[in-house]
Number of protein chains: 2
Amino acid sequence: MSRPVEFDRDQAVQKAVHLFWQRGYQATSLADLLDAMGLSRSSFYGAFGDKRGLFVECLDVFAVRNQAILQRARDRKPPMAALRSYFERNFGRTSVPDLHFGCMLVNTVIEMAAIDQGLCDLAGQHLKTVQDLFEACLGDAGAEPDEAKRAAAFLMMVNEGAWVADRQRISIPDQLARINTAFGYVEGSIANRNTAKAQL
Amino acid sequence: MSRPVEFDRDQAVQKAVHLFWQRGYQATSLADLLDAMGLSRSSFYGAFGDKRGLFVECLDVFAVRNQAILQRARDRKPPMAALRSYFERNFGRTSVPDLHFGCMLVNTVIEMAAIDQGLCDLAGQHLKTVQDLFEACLGDAGAEPDEAKRAAAFLMMVNEGAWVADRQRISIPDQLARINTAFGYVEGSIANRNTAKAQL
DNA sequence: ACAATTATGGACCTACCGTTCCAGAAAGAT
DNA sequence: ATCTTTCTGGAACGGTAGGTCCATAATTGT
């Protein structure tokens, strides 16, 4: 039936993710998007509804991609190693040098909190999903349920703080040192509890 | 000499701080500012140059006010108690209920990183000043210089992460629990090193 | 009281925002 | 080949952004 769509939708969304991730919602104009995605206004509105709709889609794409990093590590490594590799991959990447865009979810929470609570909440939900993954890893690593919850909340705080520093273009060694400090604390805490439990 | 200024400059800046703090730079329009500050366009441009100039001034005001909280605590309490009270005051305030604006410095780093590097750097510098205060407190508390540096960097990461959660309207008990976890780690670490040093 | 100086209110400017709309081009179905 | 459907490019829309300008009002020094 009739003329088919000419552009690759997924590829266009990827371009949009990159732009929104880097510049945020407000500072990314429709003209910027159309230029990067390589499509006309009509095609844009036909395919995505409006700017906000595209942003929601980008948020979801980003979140899935982000969760997959941890999920894959979890399938292949011991739980604590998987957690560490998630942080090391995010904060220790040496491949592309100046990619200090932070985390699109954190950026959105901060930028949109007082502007569009729906977007803020959506980004927050995605972050909560990651925190739940943290909790699952910690449980697998032998932490008691309440200890896993406590440590997962702590690690999410660390994660969010590290992303703020990322936008300040903190050096990779400094960043990794801070992450390492935090993990040392958490692992020490879990080890102590396990030891205490063994002594009962 | 001629007609004097009619409005209270400091008071006007306070109003502007409140607006920028809540909504960020981009989402705060000149009309919003003029309305809140209660002055006309001419007076505004006469007194502050332009929107960006006012924002810089607000950033400074916010930073000074913020640093003063820690500085005052430091004058009155033991160093670790001063540090704790800084966090507890920021994240445990029960006075005004729904004031979840985060930290204007953190908000600015995130919002402006890719838009206006000057503003991002300025906010980052102010944060660094707070981190230096952390370091000084930890030094006073008996931490070795490198340990104080390490722990201060860690606490700044915690601070930034907690402010992100604040914008998500995290509950005060959850927030304080996370802060408490972090402080437990840091104090344990310093105590251990002090013990180890005593055993030499 | 008058002159000199400066703040003030508000009209005005240009640029850009996100969105809508429409005429025309392109492709599948018959 | 024709018809129908859908996509596409670009013009046009109203609204708002930050910033400028000027006539007027107000105050101090003389």
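Naming: A, B, ... by sequence-line order, numbering from 1 per chain. No hydrogens, no waters, no symmetry mates; every other heavy atom, side chains included, goes into these values.
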Practice task
Using atom OH of A:Y45 as one end and atom C1' of C:dG18 as the other, report the distance to the nearest whole Å.
Solution key: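 So the two atoms are 4 Å apart, to the nearest Å.
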Identify whether the distance between the nearest side-chain nitrogen and carboxylate oxygen of [X] and [Y] falls below 4.0 Å.
X      : Y      : result
B:D174 : A:K149 : no
B:D8   : B:K15  : no
A:D132 : A:K128 : yes

Return all side-chain donor-acceptor pairs below 3.5 angstrom for residues 51-62 of chain A, not counting sequence neighbours, or 'none' if the list is empty.
from, atom 1, to, atom 2, distance (Å)
A:K51, NZ, A:Y25, O, 3.0
A:K51, NZ, A:T28, O, 2.9
A:R52, NE, A:D116, OD2, 2.6
A:R52, NH2, A:D116, OD1, 2.9
A:R52, NH2, A:D116, OD2, 3.2
A:E57, OE1, A:R9, NH2, 2.7
A:E57, OE2, A:R9, NE, 3.4
A:E57, OE2, A:R9, NH2, 2.6
A:D60, OD1, A:H126, NE2, 2.9

Exercise for the section: State whether A:S43 places a side-chain N or O below 4.0 Å from either non-bridging phosphate oxygen (OP1 or OP2) of D:dT8. Expected result: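 Answer is yes, contact under 4.0 Å.
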Practice task
Using only side-chain N and O atoms of B:S40, determine if any of them is under 4.0 Å from OP1 or OP2 of C:dG10.
Solution key: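 Checking C:dG10 against B:S40, no side-chain N or O comes under 4.0 Å of OP1 or OP2.
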Exercise for the section: Classify the ring geometry between A:F48 and A:F44 as parallel (under 30°), tilted (30 to 60°) or perpendicular (over 60°). Expected result: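 Geometry flag for A:F44 against A:F48: tilted rings.
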Handout entry: Strand-adjacent residues in residues 12-24 of chain B, judged by heavy atoms under 4.0 Å from DNA chain C
Key =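 None, since no heavy atom is under 4.0 Å.
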Handout entry: Which nucleotide in D:dC21, D:dG19, C:dT20 has an atom nearest any side-chain atom of B:S42
Key =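 When the side chain of B:S42 is considered, D:dC21 is the closest of D:dC21, D:dG19, C:dT20.
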Examine distances only and state if a side-chain atom of [X] and a backbone atom of [Y] form a donor-acceptor pair shorter than 3.5 Å.
X      : Y      : result
A:N107 : A:F101 : yes
B:E111 : B:Q26  : yes
B:D32  : B:S29  : yes

What N/O pairs connect the protein and nucleotides 12-17 of chain C at under 3.5 Å? Give each pair on its own line.
none

